[in-house]
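Working notes, beginning with the structure itself.
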Amino acid sequence: MINNIQFNDRGKLRHFLAIEGLSKELLVHILDTAQSFIHPDHQTIKKIPLLRGKAVMNLFFEPSTRTRTTFEIAAKRLSADVINFNISASSSSKGESLTDMLHNLEAMFCDMFVVRHAASGAAHFIAEHISPHVHVVNAGDGCHEHPTQAMLDALTIRQHKGDFSPLKVAIVGDILHSRVARSLIHALNILGANEVRVIAPKTLIPKDAEQLGVQVHHNLRQGIKNVDVIVMLRLQRERMQSAALLPSAHEFFQTYGLTEDILKFAHPNAIVMHPGPINRGVEIASSVADGKKSVILQQVSNGIAVRMAVMALAMGVPLEESGE
Ligand code: NCD
């Protein structure tokens, strides 16, 4: 079971590896903690000494802009020391095994690894092979999970919509290769959303989609009818084994691209989200990405508060010290 390892003997969060199997109470606690780090004017994030003296190491085996940077800012806002480990320049390219590399990094008194890796299960593997005092946060593992992204998406939705229970949410695009979709589907179901729909061509829907607790649609207009939240996803070409999975970018936009005209099928107060990086004119029109309903940049900002909350909770520091 992937989640047992996430908790210590006292049932407290130790690693944050996957959303699947977590409790509603824990997800709400993470959202509340993240929200408490945001100044009420929503403009700034507090700097607090919760992780003073701790060292957080960013281990990114895959490229990243938003996720790596917001983890770094989050750790600094908690007063931790942050080390961005440059994997491509490391001795893994000289044949060192991952476990040897980890033990060496641990010997440098690291308290937390933030891990992004192309292999599903990589963060879990690392969590199984490190010393008991070290914590692991999954920053995206293959096509499996991206749990902090799901939490920042949930926080953004809650800021706009409040209660999850009446909400209809549509996730559109390359569901098959998306760890963002998988984590968000679990989070929305745990938080009690009314309906989660996935909308994509048959070739980009996972076989087990319905078991994840979603409605599957292949028609964008029908799928987004009356939804309160639309989450657009990029085509993850780097994970596609075969070019046959896809029509051309132009054709994809014609059928699954979110334009202002298509957006009219959703609820009038719908919000538009995207984890980034966005591909304008492929899955989303520029006028929608930059339009009034878009909360895409708010998602990026919320990534800082959510990652602060997850790091502080996994490290087990008493949150009262934050002055809340
Ligand atoms: C996502 C990822 O890396 O899974 N991006 C992100 O974390 N903001 C989605 C993507 O790459 O399309």
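Read the numbers this way: they start at 1 and go in the same order the structure lists the ligands and their atoms. Source: prediction; values computed, not measured. Throughout, numbering of the chain's residues begins at 1 and tracks the sequence. Scope of the values below: all heavy atoms of this structure, side chains included, with no hydrogens, waters or symmetry mates.
- With respect to atom 12 (O) of ligand 1, the closest heavy atom belonging to the protein is Arg234 NE, 2.7 Å.
- Geometrically, Arg116 does not engage Phe60 in a cation-pi contact, judged by NZ or CZ lying under 6.0 Å from the ring centre and within 45° of the ring axis.
- Using a 4.0 Å cut-off to heavy atoms of Pro277, the atoms of ligand 1 that qualify are 10 (C), 11 (O).
- For the atom pair NZ of Lys54 and SG of Cys110, the computed distance is 11.0 Å after rounding to the nearest 0.5 Å.
- Atom 9 (C) of ligand 1 has its closest protein heavy atom at Gly276 O, 3.5 Å.
- Using 4.0 Å as the threshold, Arg116 has a heavy atom nearer than that to some atom of ligand 1.
- The environment of NZ in Lys225 is sparse: at most 12 heavy-atom neighbours from other residues, nucleotides or ligands sit within 6.0 Å.
- Defined by atom type and a distance below 3.5 Å, a donor-acceptor pair is missing between the side-chain atoms of Asn138 and Glu145.
- Taken to the nearest 0.5 Å, the CZ atom of Arg77 stands 10.0 Å off from the CD1 atom of Ile48.
- Judged by distance alone, with hydrogens and angles left aside, the side-chain atoms of Arg197 form a donor-acceptor pair with the main-chain N or O of Gly223 at under 3.5 Å.
- Residue Gly303 places every heavy atom at 4.0 Å or more from ligand 1.
- Checked against Val272 for a side chain to side chain contact (heavy atoms under 4.5 Å, CB included), the options Val172, Val288, Val229 give a single hit: Val288.
- Set against the non-hydrogen atoms of Thr67, the atoms of ligand 1 under 4.0 Å away are 6 (C), 7 (O), 8 (N).
- Few gaps surround CZ on Arg280; more than 12 heavy atoms of other groups in view lie less than 6.0 Å from it.
- Between the side chain of His135 and the main chain of His15, no donor-acceptor pair closer than 3.5 Å is present.
- With a 4.0 Å heavy-atom cut-off, ligand 1 is reached by the side chain of Gln236 but not by its N, CA, C or O.
- When only non-hydrogen protein atoms are considered, atom 8 (N) of ligand 1 lies nearest to Pro275 O, 2.9 Å.
- For ligand 1, the atoms sitting less than 4.0 Å from at least one non-hydrogen atom of Val180 are 1 (C), 4 (O), 9 (C), numbered in the order shown with element in parentheses.
- In terms of protein heavy atoms, atom 3 (O) of ligand 1 is closest to Arg179 NH2, 2.9 Å.
- Of all the atoms in ligand 1, the ones that sit under 4.0 Å from a non-hydrogen atom of Arg66 are 8 (N).
- Within the listing of ligand 1, atoms 6 (C), 7 (O), 8 (N) sit less than 4.0 angstrom from a heavy atom of Gln149.
- Counting protein heavy atoms only, atom 7 (O) of ligand 1 is closest to His146 NE2, 2.7 Å.
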